[in-house]
Amino acid sequence: MSKIRVVHYINQFFANIGGEEMADYKPELRVGEVVGPGMAFKAAFGDEAEIVATIVCGDSYFGENTKEATATIMEMIKGQKPDLFLAGPAFNAGRYGFACGNITKAVKDELGIPVLTGMYKENPGADYAKDVYIVSTKNSAAGMRDAVKKMAPLALKLAKGEEILSSAEEGYLPNGIRKNFFEKERGSKRAVDMLLKKLAGKEFVTEFPMPNFDRVDPNPAVKDMAHATIALVTSGGIVPKGNPDHIESSSASHYGKYDIEGVMDLTADTYETAHGGYDPVYANEDADRVLPVDVLRDLEKEGRIGKLHRYFYSTVGNGTAVASAKAFAEEFSKELKNDGVDAVILTST
Amino acid sequence: MKLELGYVNIHDIQFADQSKVEAGVLYVCKEDIKNLVLEDENIKSVELEIAKPGDSIRIMPVKDVIEPRCKVEGPGDIFPGVISKVDTVGSGKTNVLRGSAVVTTGKIVAFQEGIIDMSGEGAKYTPFSQTNNLVVVIEPVDGLHQHEHEKAVRFAGLKTAKFLGDLAKNVTPDETEVFETYGVKEGMEKMPNLPRVAYVQMLQSQGLMHDTYVYGVDAKRTLSTIMNPTEGMDGAILSGNCVSACDKNTTYHHLNNPVVKDLFAQHGKTLNFVGMILTNENVYLADKQRSSDWTAKLCRWLDLDGAVVSQEGFGNPDTDLIMNCKKIEEQGVKTVIITDEYAGQDGKSQSLADADPKADAVVTGGNANMVIHLPKMDKVIGYPEVANIIAGGHEGSLNADGSIDAELQVITGATNELGFNKLSAR
Amino acid sequence: MADFFIITNNEMVRDKYASQVTVEFHPVKYTEIMRMARDYIHAGHKLLTHPLAGSIKPNETPYKTIFLTKSKKTMDSESLRIIEECIIACKKFGKERFPNMPENMRQDFRTIDCSLCDNAMASAMQ
Amino acid sequence: MCTVTPISMTVGANRIVPTIAIPHPLGNPELTHEEEKALRRGLVEKALKALETEVTEQTIFE
């Protein structure tokens, strides 16, 4: 069998180009070269895989020009026809971690080849753990040996398409997919040990993290409401009659953007709800009961608000994954900002 | 309260003309057991089988698993309030036929799960592939109502276990172990610097085939209460729970409660094991609220620093578990909870039917939806004719070659929420 | 008169309790009973029994019985949280395991559901 | 604007206005059309006031 072809991504620091002062270094492809941490991987891969090229990119450059950098790097990778794409490890370096997470996800999505990176669990880039395998490393480059020891075998497994065991066994950061495995101790012993740690105020790791939500700082108040543009957003599933975008009644995979220029009132003939999580009778009779267009038009006319934004955004918040909802909002929030919207009223059911 | 367990190691089980325990072998005279079980006029016939570790045997549907024990010294007798008269147990000396078990099987309702494979892939997931089992196959009289049928099977198992346990009354144990807990004040004086820890055990208590008995009292009609952990070792808690095979607690589990064992292992060293709080899992929400309020109140009243909380069963007990955890934490008592997960076959679904950020220390017995392949066994004990239904997959999950593709949830004790096993998930 | 009613798709529950309390019987699927209970909760009725009562998995038994208050108040968020979690929990079990269930099996599931209901009844009538 | 304020608190909303009911957060079918619109207007005005108010933490505008 021929060797597994690996392309390795590292930053300017690990390529020995320089530190912060060289962080603007543009993507560079070094065919046939094994650089920095690549040496350790090469040793660990033995005869099974070879690093056919190394890509070096400055962390600031990647962070500030993510789109261009990704496109350039993608082309570099394509040309090498790799079986596996490896990035990092990034340890606790935040921008490097972001780059590793971002580029591995992009490669996985676009090229469909297995990818692997590694970083410290508190690295901001660790958010990508739900998208790609990220090996949990120590928080500094002193943990290189340990990181390579875990990453190299997992990389080979991924490249060969072998079954990936649980995060606890393979050493990757938990990705939300629950996998069974046998622990060293039985559950009751683990429970007693965990309690003793908790009682002593020591660090302990729960085996099942409870769902966790982000917190954001409140935005400042709207100073001049009479001249403000207000947009409506809803998770109550209000859509034009017939649900033109086919938003699902539960676990929605997308959202809709609808023009309400000239619409003064939502009526039973024109709007309805796509939401499957509540009795739709009332919303279908009068969608203003969920999305108060009629009242906002009045307030607009009276000058209480500057204007009602031309588009409203709608999805169904019924069993929809938090990650999806977050992705929707990230996308349309940018649009809202670009369109000069000052504030949003979000209605939910 | 102080109890000495004497372990009589059983490494083999055989049918014989005379029932006895000798040199680590449990000899069973079929007639003895048959006569005992058939005392119940609701039972038409009984068959006995032996299943040993490594045998190519599948037992299904399993109702209960019971370890034979006998009282050697001290008040009361095994299974008080049910098989023996009501008397406080948990002190003196008790002999345990370690390595043996009575397994009951009976077709109480048309749909049944609960598989024990003595070898192969399935054997890894059930602790009862490691015991020398006497399997009691019980056929009820025609037309027996499900409630009476369940009771008949339950009593047959307990009586058989008691009978076998009594065979070891005069046998010198291979090993002994002493367990002792103290009164509140005495414990504090003996271990002034150790954190006070209790074990909160949630008992399934919802209805037919979902019940647990404490000294013979149906747990759903009880308020949360305090018990000495050693009482359970003498059979104070009995299973009448036949549903959700993977995470129900058999009587064997109650007798050998691993949380009790592991807390005792630290007792006097790193913690003071104060005692046990028993609470139930009822269907009525106000009952859930009352029971969890009461549990939290008892935790406070015992001046605990910490508690281990274990769950039993699927679905609505998640709500009891979270209520207990939240309310106990609100009393300033630190908790670790033990549960299992239903994360879907792909492991991507939400594992529990309830959640709270206060539940920050969780031990899991694994994902019960995981699919496993159970190879064909040479022999099936129980009710193979309904294998397709009880196989626990879907209609047709029993393959032509006799193997079964099913979720882990069909295997007795696979994702036990007392933490009996090493299985976990991440 | 007690302030509760029962929604069920189990005729055994209906036949046993309809003469004593209000029983809304709907010959619909398990998940549909859940959905109806959810709509009642949205309308301000309070959940009295846990919708996943019993450890039998949602794709095993066809029968479901739920108790709710007759009176309506402002929506009870605890009831809502529980029913939503239960509906999500139902989904992960996928297809019904025994779509062509024989009558004797149905009868057994009716009996178990009815037994869970008996216990709720004892608490509800207190 | 939502009916189940604890959920909004959980998911981290900063300005929260409680509404009427899940199937009709900004309405009440038992009222006349005019009454219902007045009710809705009251809620929307509350939302505008919330937007005009500086907050430093999650706040429910009753």
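Proteins come first, then strands; the chains are lettered A, B, ... in the order of their sequence lines, and each starts at number 1. From a predicted model like this one, the values you see are computed outputs, not experimental measurements.
The structure places CG of L195(A) at 7.5 Å from CG of L271(B), a figure rounded to the nearest 0.5 Å.
For A265(B), no part sits under 4.5 Å from any heavy atom of chain A, backbone or side chain. Interface residue I322(B): only side-chain heavy atoms are found under 4.5 Å from chain A. Of the two parts of F181(A), the backbone and the side chain both hold a non-hydrogen atom closer than 4.5 Å to a non-hydrogen atom of chain B. The parts of L263(B) that come within reach of chain A are both its backbone and its side chain, each placing non-hydrogen atoms under 4.5 angstrom from that chain. When heavy atoms are compared at a cutoff of 4.5 Å, L196(A) approaches chain B solely by way of its side chain, counted from C-beta outward.
Sorted by first then second residue, the salt bridge (Lys or Arg N to Asp or Glu O under 4.0 Å) pairs that include residues 96-107 of chain A, not counting sequence neighbours, are K105(A)-D109(A).
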Where do V197(B) and L199(A) land on the side chain to side chain contact (heavy atoms under 4.5 Å, CB included) test, with the steps shown first? CA-CA 10 Å; V197(B) 173; L199(A) 286 168; 3.8 Å; yes
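A355(B) meets the side chain to side chain contact (heavy atoms under 4.5 Å, CB included) test with M210(A), P211(A); sequence neighbours excluded.
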Tabulate, with distances rounded to 0.1 Å, every donor-acceptor pair spanning chain B and chain A at under 3.5 Å.
unit_1  : atom_1 : unit_2  : atom_2 : d
R178(A) : N      : G347(B) : O      : 2.8
R178(A) : NE     : E341(B) : OE1    : 2.7
R178(A) : NE     : E341(B) : OE2    : 3.3
R178(A) : NH2    : E341(B) : OE2    : 2.6
R178(A) : NH2    : A425(B) : O      : 3.2
K179(A) : N      : R426(B) : O      : 2.8
K179(A) : O      : R426(B) : N      : 3.1
N180(A) : OD1    : N367(B) : N      : 2.6
N180(A) : ND2    : N367(B) : O      : 3.0
F181(A) : N      : S424(B) : O      : 2.9
F181(A) : O      : S424(B) : N      : 2.8
E183(A) : N      : K422(B) : O      : 2.8
E183(A) : OE2    : R426(B) : NH2    : 2.7
K184(A) : O      : K422(B) : NZ     : 3.4
R186(A) : NE     : D262(B) : OD2    : 3.1
R186(A) : NH2    : D262(B) : OD1    : 3.3
G187(A) : N      : G419(B) : O      : 3.1
G187(A) : N      : N421(B) : O      : 2.9
S188(A) : N      : G419(B) : O      : 2.9
S188(A) : OG     : P258(B) : O      : 3.4
S188(A) : OG     : D262(B) : OD2    : 2.5
S188(A) : OG     : G419(B) : O      : 3.3
K189(A) : N      : D262(B) : OD2    : 3.1
R190(A) : NH2    : T364(B) : O      : 3.1
R190(A) : NH2    : S424(B) : OG     : 3.4
K198(A) : NZ     : E329(B) : OE2    : 2.7
K198(A) : NZ     : T335(B) : O      : 2.8
K198(A) : NZ     : D360(B) : OD1    : 2.7
T206(A) : OG1    : V362(B) : N      : 2.9
E207(A) : N      : V362(B) : O      : 2.8
E207(A) : OE1    : T364(B) : N      : 2.9
E207(A) : OE1    : S424(B) : OG     : 3.1

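With a 6.0 Å radius and a threshold of 12 heavy atoms from other residues, nucleotides or ligands, K157(A) has its NZ atom above the threshold.
Note on A359(B), A343(B), P195(B), G365(B): by heavy-atom pairs under 4.5 Å with chain A, the leading option is A359(B).
In terms of heavy-atom proximity, F208(A) sits nearest to V362(B) at O-CG2, 3.6 Å.
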Side-chain donor/acceptor pairs under 3.5 Å, residues 85-93 of chain A, sequence neighbours excluded:
none

